[in-house]
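Each chain gets a letter, A, B and so on, in the order its sequence line appears, and its residues count up from 1.
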Amino acid sequence: MHLEKGEKHKGFREKLVYRCCLFSSRENIELKVYLVMKLAKTYDPNLYEPNIYAMWEQSNAFDPTGKGEPFSIVMPPPNANGNLHIGHALTVTLEDAMARYYRMKGRDVIYIPGADHAGFETWVVYDKVLTSKGVNRFDFSREQLYSQVWNFVDQQRGNMELQLRALGVSASWKNLVFTLDEKVIKTVYSTFKQLLDDGLIYRGERIVNYSTKYQTSYSDIEVDHKKEKGTLWHIAYPSSDRISEIVVATTRPETMFGDTAVAVHPDDARYKDLIGTNVFLPLTDRIIPIIADDTVDPTFGTGAVKITPAHDPNDFEMGKRHNLDRIQVIDFNGTMINVPPQLIGLSVDEARKLTLSLLQTQELLRGETAIEHSVGYDYKSGLPIQPLIKDQWFIKIQPLAQRAKQALIDGEINFTPESRKRVLIQYLDNLHDWNISRQIPWGIPIPAFQNVDQPDDWIFDERVDEKTIVIDGKTYKREEDTFDTWFSSGQWPFITTDALDGGPLSRFYPNSVMETGSDLLDRWVARMIMLGLYRTDKVPFKHVYLHGMVLDEKGQKMSKSKGNVINPIETIASHGSDALRLGIIANRSAGQNQAFSTNRVIAGRNFCNKLWNIARFTESKVGDNFKSTDPQPSTMADHWIVRQLMTALADIEQKVESYRFAEASETMYHAIWDDAADWYVEASKSQDNPAMLAWVLDTSLKMAHPFAPFVTETIWQALPWHEGLLITTSWPAKVDYDEIAAAEFARLAQLITEIRFVVTELPGNSRYGLLYGADSLIADNAQLIQRLARLKSVDFTDQPRGLRLAVSGREAWLDISAETLREHQANLEIRLAETYSQIDNLEKRLSNTAYVEKAPVALVEESRTQLEQCQTLVKRLTSELEVIK
RNA sequence: GGGUCCUUAGCUCAUUUGGCUAGAGCGCCACAUUGACGUUGUGGAGGUGAAAGGUUCGAAUCCUUUAGGACCCACCA
């Protein structure tokens with residue numbers, strides 16, 4: 001069994017590699033779709049997608065045209081050495097649909113792709129490589145590590161970009177930006193310099209979130225806070241006169257060796273007299289003071305709290321207020337230092353146990369209580385985060401945050417979903433200074449140097465490859481830290497468009513839309529807005545569209561451990577890229593975490609096949625020598641399909657432009673399947689207007705192209721009457737139609753539907769003939785009706801017999817026997833009853849004077865019309881029943 | 001503690017400023033069919049919109065409360 005599974009997997013890999021080779025091939029893209037289309041009944045995406053993509057790319061179809069109003073989207077850069085997951089598929093499907101739509105609408109479109117060095121993420125991967133080789137980062141210099149990781153990433157690179165191609169993104173590859181490209185680094189340095197000059201960056205000792213596993217600090221957003229049950233230990237600190245004691249409560253007894261005070265609330269009657277006295281720090285020979293501070297909560301624990309400025313952010317602040325010493329007792333690798341000899345070198349956990357047992361021995365433990373508190377964990381390793389003091393670079397964030405907030409309040413950026421804007425404003429208000437230093441080598445070095453003789457003297461200098469530099473006889477030592485990745489990616493919109501130096505792409509700044517996952521609202525979107533405004537005085541984008549997480553079909557989060565991960569590339573290999581795109585865009589609204597099922601993908605695949613077959617039929621009807629002309633609707637069906645497609649187009653435009661992608665694709669789907677295929681193609685079997693048929697196909701292809709680019713372009717290329725590319729053709733133009741003729745066809749369709757319904761309801765399954773009286777609509781379309789309603793015959797009669805068709809109100813009878821007729825009676829009676837109840841409702845509504853007076857006139861008018869129609873129907877049904885009786 | 005969101009058909013979800021009989025896909029039932037398509041066609045069943053109350057001529061939609069669920073932020077000795 002396992003073998004089989006493995007082999008299947010292997011087969012898939014080979015297929016994938018093959019496809020990726022095709023995507024990257026630059027030769028032999030001559031397409032032989034045309035001949036194949038005549039033969040193959042089903043559309044096989046694997047045969048065409050790679051070549052179609054290569055064709056687009058070689059034709060420069062993804063490049064901006066320089067004509068029309070600019071429209072720009074910058075892709076959130078996927079990890080350069082990673083693989084795409086289903087979330088990327090959603091992102092790029094939405095982005096690409098917009099890019100393709102606006103391109104066809106004549107806008108000057110750019111979709112800028114990117115690749116992320118993914119600083120910390122990649123570093124974690126590489127760190128494992130080092131570990132597996134039995135070495136560690138401290139065996140190498142920053143330069144050595146940087147170039148090692150660079151080579152490592154370089155080997156893996158390209159895969160992600162091929163996968164984006166497989167998804168069909170119409171991105172401007174020539175303008176791809178890697179987050180470690182020179183222009184990125186240059187801009188990041190200049191932003192740093194400007195912040196420094198403006199006094200918005202400072203270096204200082206602060207308590208940072210420290211990962212002892214990866215030996216780097218984190219920003220607040222990289223810490224996972226988990227609520228958990230813990231223990232609050234009560235520990236007695238004997239007073240210096242050995243007469244009394246004060247009992248403190250703590251969850252972290254091992255940090256007591258770093259205590260430099262005990263704090264109580266100034267008004268706490270229990271301890272008032274003790275303020276200013278000293279206590280012995282147990283297990284040591286140190287004496288520490290009891291101090292008073294407002295921030296102590298007298299109702300928590302014992303009301304007395306040990307103060308450890310080196311290992312707790314609040315204690316750190318209190319320590320500053322009271323001039324307390326900071327004694328570091330946990331090292332940067334997570335082991336104990338500056339503690340009694342038997343504890344030195346222990347891990348935090350071991351130290352806690354030993355400390356407690358030592359206190360126990362000395363009878364200083366005064367009890368313990370269970371509490372629920374939240375503990376910060378390293379989001380990557382899952383180990384606890386240690387709050388430690390470190391010299392770090394910080395951005396004074398509030399000036400930037402408030403400016404961003406004002407821009408949001410002023411409505412300079414719109415959000416889908418709208419409510420996220422308020423969430424963001426709240427976030428900006430609560431934002432603390434941003435630690436931008438990271439102690440990992442894979443990233444952009446912080447361009448700062450420290451005077452070796454004067455530690456407070458820091459200067460900006462870009463010569464980061466030099467370990468020391470000499471300026472005016474003073475020696476400066478470089479900063480070894482690198483920037484937080486979000487500091488550089490927060491500048492992404494203006495870097496990728498060269499907005500600062502006004503290059504040719506700067507017309508695309510601010511970006512039209514920023515589309516990304518709602519989980520990135522604070523960590524990325526907020527930072528782009530702040531830094532964008534700071535550097536360019538403009539918001540970086542005009543609209544933010546946030547999508548939710550893609551869950552598995554049961555609504556569970558996808559994860560490797562659960563084994564429910566859907567690999568988009570695998571889905572493409574089995575159902576095609578378009579099918580995946582159609583499947584993932586359907587049934588999905590902004591901001592919601594929503595389930596994704598392959599059912600939808602299958603539906604998408606079926607739709608592609610539908611298009612394929614409409615094309616096959618059209619081509620066979622239209623012939624090889626057809627020359628495309630302006631559509632000339634002549635028959636009722638022609639006018640009707642023009643009306644349907646025009647209505648659908650307008651609807652799609654409105655929906656895409658208001659970011660309602662699922663609804664837009666649904667409209668497109670139904671216009672093509674229900675109207676074009678089910679009615680118009682069927683109707684055209686009884687009429688001859690090849691130019692119209694070709695126009696219907698062309699319009700359908702254009703309409704579907706933003707959502708299903710590959711199959712539409714494949715067909716377009718196969719049709720002998722097209723020369724250029726569908727991707728660069730224009731969105732369908734308005735075509736006039738005759739509303740009356742269109743409405744006539746709709747009535748005909750109604751009649752046909754009624755016949756189908758009645759026939760299905762009739763006992764037996766034989767075909768019936770249709771008799772009609774003085775009804776020119778039926779007379780003129782006898783053949784069409786016969787075919788579509790599957791009738792034996794359609795004949796004129798002046799002697800009606802059989803079953804009168806009541807609903808559509810035509811002079812028409814189904815030629816059935818009296819016996820069958822009687823069996824049908826019951827159906828009619830049900831329908832009559834339903835109509836009566838509808839009339840009842842309408843009458844109630846219309847007799848309500850408040851409704852008639854206050855509701856819009858059109859609505860009231862509509863109700864009246866409906867009532868009339870129902871009353872007519874009742875008459876007909878009644879008379880029909882009389883005939884039967 | 002502060003905030004956001006969700007609860008609609010068997011399943012997954014739509015339904016934009018309140019307004020026609022609340023719609024799709026899949027699933028289900030019945031029937032059909034040999035040349036565009038079985039990855040098909042035709043017809044159908046299935047919803048007191050989480051619960052209760054309110055505003056309104058009219059509520060899935062707005063307000064209040066309750067229940068259940070997801071998430072974000074802050075603090076936690």
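- With A:Thr308 contributing its side chain and A:Gly258 its backbone, the two residues share no donor-acceptor pair below 3.5 Å.
- The closest side-chain heavy-atom distance from A:Phe617 to A:Leu697 is not below 4.5 Å.
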Q: Would you sketch RNA chain B in dot-bracket for me? Only Watson-Crick or G-U wobble pairs with both distances under 3.5 Å count, crossing pairs as [ ], other-strand pairs as |, the rest as dots.
A: (((((((..((((.....[...)))).(((((.......))))).....(((((..]....))))))))))))....
Enumerate all atom pairs, one protein N or O and one N or O from nucleotides 67-75 of chain B, separated by less than 3.5 Å.
none

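- The pair A:Glu754-A:Arg756 does not count as a salt bridge, with every side-chain nitrogen at least 4.0 angstrom from each carboxylate oxygen.
- A:Trp679 places none of its side-chain heavy atoms less than 4.5 Å from the side chain of A:Asp674.
- A donor-acceptor pair shorter than 3.5 Å can be found between the side chains of A:Asp259 and A:Tyr237.
- The separation between A:Glu619 atom CD and B:A36 atom C1' is 11 Å, rounded to whole Å.
- One atom, CZ of A:Phe617, and another, P of B:C37, lie 10 Å apart when rounded to the nearest Å.
- Ring centers of A:Phe710 and A:Tyr48: at least 6.0 Å apart, outside the cut-off.
- As judged by a 4.0 angstrom heavy-atom cut-off over every strand, A:Thr618 is placed among residues making no nucleic acid contact.
- B:C13 and B:U8 have their P atoms separated by 9 Å, with the value rounded to a whole Å.
- Relative to the side chain of A:Ile614, the nucleotides B:G23, B:U39, B:A36 differ in distance, and B:A36 lies closest.
- Set against B:C37, B:G43, B:U40, the side chain of A:Trp673 has B:U40 as its closest nucleotide.
- Counting any heavy atom pair closer than 4.0 Å across all strands shown, A:Ser658 reaches no nucleic acid atom.
- Side-chain contact between A:Gln386 and A:Val348 is present, with heavy atoms from C-beta onward closer than 4.5 Å.
- Atom CG in A:Leu551 sits roughly 12 Å away from atom C1' in B:C13 (whole-Å rounding).
- A sub-4.0 Å separation between OP1 or OP2 of B:U39 and a side-chain N or O of A:Trp612 is absent.
- One C1' atom belongs to B:G19, the other to B:U56, and the distance between them is 12 Å to the nearest Å.
- When rounded to the nearest whole Å, the span between CZ of A:Arg787 and P of B:U42 equals 14 Å.
- With ring centers used as reference points, A:Phe661 lies under 6.0 Å from A:Tyr545.
- Atom-to-atom, CD1 of A:Ile584 to P of B:C13 comes out at 14 Å; the value is rounded to the nearest Å.
- Nearest nucleotide to the side chain of A:Asn599, out of B:G23, B:C26, B:A36: B:C26.
- Atom CG of A:Leu788 is separated from atom P of B:U40 by 19 Å (rounded to the nearest Å).
- Taking atom C1' in both B:C31 and B:A45, the straight-line distance is 14 Å, to the nearest Å.
- Nucleic acid contact for A:Leu232: sugar-phosphate only, since backbone atoms but no base atoms lie under 4.0 Å from a heavy atom of the residue.
- Counting heavy atoms from C-beta on, the side chains of A:Ile614 and A:Ser700 never come closer than 4.5 Å.
- Within the structure, a side-chain polar atom (N or O) of A:Asn606 is placed less than 4.0 Å from OP1 or OP2 of B:U40.
- Proximity note for A:Arg605 (side chain, C-beta onward) versus B:A36, B:U39, B:U40: the nearest is B:U39.
- When distances run from any side-chain atom of A:Ala850 to the nucleotides B:C57, B:A36, B:C13, the shortest one goes to B:C57.
- Put simply, CZ on A:Arg588 is 17 Å from P on B:G25, counting in whole angstrom units.
- For the pair A:Ile641/A:Met692, a side-chain contact is recorded, criterion being any heavy-atom separation below 4.5 Å from C-beta on.
- Going from atom CD1 of A:Ile755 over to atom P of B:A32 covers 19 Å, rounded to whole Å.
- Nearest approach of A:Trp612 to A:Lys41, heavy atoms of both residues: CD1-O, 3.8 Å.
- Nearest-nucleotide positions on RNA chain B for A:Pro313 and A:Tyr43 put A:Tyr43 closer to the 5' end.
- In this structure, the side chains of A:Ile86 and A:Leu90 stay at 4.5 Å or more apart for every pair of heavy atoms.
- Contact annotation: the side chain of A:Arg252 approaches that of A:Pro387 to within less than 4.5 Å [non-hydrogen atoms, C-beta and beyond].
- Here A:Asp552 pairs with A:Asn564 under the side chain to side chain donor-acceptor pair (under 3.5 Å) rule; sequence neighbours left out.
- Residues A:Thr250 and A:Lys306 approach most closely at CB-CD, 3.6 Å, considering heavy atoms.
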Under-3.5 Å N/O pairs linking protein and nucleotides 5-12 of chain B:
{"from": "B:C5", "atom 1": "O2'", "to": "A:Gln592", "atom 2": "OE1", "distance (Å)": "3.4"}
{"from": "B:C5", "atom 1": "O2'", "to": "A:Gln592", "atom 2": "NE2", "distance (Å)": "3.2"}
{"from": "B:U12", "atom 1": "O2", "to": "A:Asn587", "atom 2": "ND2", "distance (Å)": "2.9"}

Q. Would A:Thr42 and A:Asn609 satisfy side chain to side chain donor-acceptor pair (under 3.5 Å), going step by step from the backbone distance to the final call?
A. CA-CA 6 Å; A:Thr42 49; A:Asn609 194 54; 5.0 Å; no
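- Among the protein residues, A:Ala586 comes within range of no part of the nucleic acid, since none of its heavy atoms lies under 4.0 Å from any strand.
- No side-chain heavy atom of A:Ile307 sits under 4.5 Å from any side-chain heavy atom of A:Asp293.
- Of the candidate nucleotides B:U39, B:C37, B:A32, B:U39 has the atom nearest to the side chain of A:Thr42.
- With RNA chain B read from its 5' end, the first of the two nearest nucleotides for A:Lys610 and A:Lys655 is the one closest to A:Lys655.
- Across the C1' atoms, B:C5 and B:A50 are found 15 Å apart, a figure rounded to whole Å.
- Residue A:Val852 is classed as having no contact, given no heavy-atom separation below 4.0 Å to the nucleic acid.
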N/O contacts under 3.5 Å, protein versus nucleotides 18-21 of chain B?
{"from": "B:C20", "atom 1": "O2", "to": "A:Glu862", "atom 2": "OE2", "distance (Å)": "2.9"}
{"from": "B:C20", "atom 1": "O2", "to": "A:Gln866", "atom 2": "NE2", "distance (Å)": "3.4"}
{"from": "B:C20", "atom 1": "N3", "to": "A:Glu862", "atom 2": "OE2", "distance (Å)": "3.4"}
{"from": "B:U21", "atom 1": "OP1", "to": "A:Arg845", "atom 2": "NH2", "distance (Å)": "3.4"}
{"from": "B:U21", "atom 1": "OP2", "to": "A:Arg845", "atom 2": "NH2", "distance (Å)": "3.4"}

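- No contact: A:Asp519 has no heavy atom under 4.0 Å from any strand.
- Using a cutoff of 4.0 Å between basic side-chain nitrogens and carboxylate oxygens, A:Glu682 and A:Lys685 are scored as salt-bridged.
- For residues 674-684 of chain A, proximity to RNA chain B is found at A:Ala677, A:Asp678, A:Val681, A:Glu682, defined as any non-hydrogen atom under 4.0 angstrom from a strand atom.
- Comparing the C1' positions of B:A32 and B:C71 gives an interatomic distance of 50 Å, to the nearest angstrom.
- Rounded to whole Å, the separation between the C1' atoms of B:A60 and B:G47 comes to 11 Å.
- On the C1' atoms, B:G68 is 26 Å away from B:G23, given to the nearest whole Å.
- B:U48 and B:A9: their P atoms are spaced 9 Å apart (whole Å).
- For A:Phe316 and A:His311, the ring centers sit 6.0 Å or farther from each other.
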